[in-house]
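Throughout, a chain's letter reflects where its sequence line sits, starting with A, and its residues are numbered from 1.
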Amino acid sequence: MLLVATPVSATIDLTRSKLTSRSRDARKQRASSFLLNAFAFALLVGALSEPSFAASDKVRIGNLTDVSFGTIANLNVDAVASQSICLFSGSATNGYNVTASGTGPAGAFTLSSGTASLPYDVQWSSSVAQTAGTQLTANVPLSGQVSTATQQTCNNGPAASASLIVVLRSAALSSAVAGTYSGTLTLLVGPE
Amino acid sequence: MVGMNEMDYFRLDRMLAGCAAVLINGAAVAATQGSLGTTSTGSVAIGASVPNRVELSGLSDVSFLNQDPATAALDAQNVCVWSNTSTKGYNVTASGSGTASAFTLSNGALTVPYSVEWSQTSGQSAGTALATGTALTGLKSIATSANCATGASSSASLIVKLSTANLQTMQAATTYTGTLTLVVAPE
């Protein structure tokens, strides 16, 4: 809007200036041309700078369930827990990004048992029923995801649209102090 | 709230999620679901229990060849004992293949006893004598990985001895064999 207002102000200034008729006509012509160009430019800028979060660009993450590995009998193999969840994006492309953070220091993906900690990996897939996906880094958005959900709670259409995978690596398990570990994984999604 | 941006909301969500993770009567609060909005946040509680585990590795066969009966035989080897308890504690129980699990070698007709010692430190040629079937308790490991793949390469010493007195009872040019079994358990 600021770009449109500026040439209008310039026009008022021009009409108030004391110029000869000839030079005033030339100035008016140039001003008109400038106004047209500015208007076109404003339209272009307006189109490009349209808010990225329009009313319809809403997202929703749901159908999440807690992850319980129970007692891990074999510490020499990775423990994997995956779940299919509902990820809805109302953007034009159904695109979204996801940012994960744990309850470790600086949002690290770690579980804790007293002073002991147990790191874990988080993976994401925009397909359901996956046991492997793209590795997430704490607090770093994974962009370029597309949802197949057609309804915000997945009550209609696909019942799920993404996979959340949590992995406890054998290297971490076999070096962890025995105990009961817990933590929270938070997922933030945004439209694209 | 006035003045809060998306990241502020994200941090607030994380704080609330962290509070939600506090154990109540041993059970974590259930997952939270996101709502429809320009961003949406959900969370899951994650729980896992790592049981007490130990691992004994790095063992090598013991062989005394052409042993001079006038000189006591000794074989000391560095082994890896890993324990994941909070104290890294363990105990060890040894048993032989002789009668009543005795520490004896045999050539079929004749037997000869040997002794077994254990040290919770590697690089030792003497340790605490073990009695067959009896656990030596109160040991600690310095191993930081299950098979000493990282950190200390070994964490204990196994010592096998044949005294001169017993060597001198053995028949020459005869092979005596036996098996020593070691069981470690977490403490």
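- Interface remark: A:I61 contributes backbone and side-chain atoms alike to the contact with chain B (heavy atom separation under 4.5 Å).
- The contact between A:L75 and chain B is made entirely by side chain atoms (from C-beta outward), counting heavy-atom distances below 4.5 Å.
- In the hydrophobic cluster analysis, where Ile, Leu, Val, Met, Phe, Trp and Tyr join through side-chain heavy atoms closer than 4.5 angstrom, B:L182 is grouped together with B:V81.
- Atom OG of residue B:S49 and atom CZ of residue A:F69 lie 12.5 Å apart, to the nearest 0.5 angstrom.
- Taking CG of A:L188 as the reference point, atom OG1 of B:T39 lies at 5.0 Å (rounded to 0.5 Å).
- With hydrogens and angles ignored, the 3.5 Å screen pairs no side-chain donor or acceptor of A:R60 with any backbone N or O of B:S40.
- A donor-acceptor distance shorter than 3.5 angstrom exists from the side chain of A:D66 to the backbone of B:A45, with no hydrogens or angles considered.
- Of the residues considered (A:S68, A:S175, A:G70), A:G70 shows the highest number of contacts with chain B, using heavy-atom pairs under 4.5 Å.
- Contact annotation for A:Y120: only side-chain heavy atoms (C-beta onward) come within less than 4.5 Å of a heavy atom of chain B.
- Only the side chain of A:L118 comes within less than 4.5 Å of a heavy atom of chain B; its backbone N, CA, C and O stay farther away.
- At a 4.5 Å heavy-atom cutoff, A:A171 makes no contact with chain B through either its backbone or its side chain.
- A:V67 and A:V77 sit in two unconnected hydrophobic clusters of ILVMFWY residues. Membership requires side-chain heavy atoms under 4.5 Å apart, directly or through other members.
- Looking at A:T71, the atoms closer than 4.5 Å to chain B (heavy atoms on both sides) sit in the backbone and in the side chain alike.
- With hydrophobic clusters built from ILVMFWY side chains whose heavy atoms lie under 4.5 angstrom apart, A:V140 does not share a cluster with A:W124.
- Around atom CG of B:D61, no more than 12 heavy atoms belonging to other residues, nucleotides or ligands sit under 6.0 Å away.
- Rounded to the nearest 0.5 angstrom, A:L64 CG and B:S43 OG are separated by 7.5 Å.
- Contacts of residues 150-170 of chain A with chain B at a heavy-atom distance below 4.5 Å involve A:Q152, A:L164, A:V166, A:L168, listed in sequence order.
- At a threshold of 4.5 Å between non-hydrogen side-chain atoms, the residues A:T184 and B:V44 do not count as touching.
- Both A:F109 and A:L142 are members of a single hydrophobic cluster when ILVMFWY side chains are connected at heavy-atom separations under 4.5 Å.
- Using a 4.5 Å cut-off between side-chain heavy atoms of Ile, Leu, Val, Met, Phe, Trp and Tyr, with links allowed through other members, B:L74 and B:Y176 fall into different hydrophobic clusters.
- One finds the CD1 atom of B:I46 at 14.5 Å from the OH atom of A:Y181 (value rounded to the nearest 0.5 Å).
- Here B:R53 contributes atom CZ and A:S174 contributes atom OG; the two are 12.0 Å apart, rounded to the nearest 0.5 Å.
- Both the backbone and the side chain of B:S86 come within less than 4.5 Å of a heavy atom in chain A.
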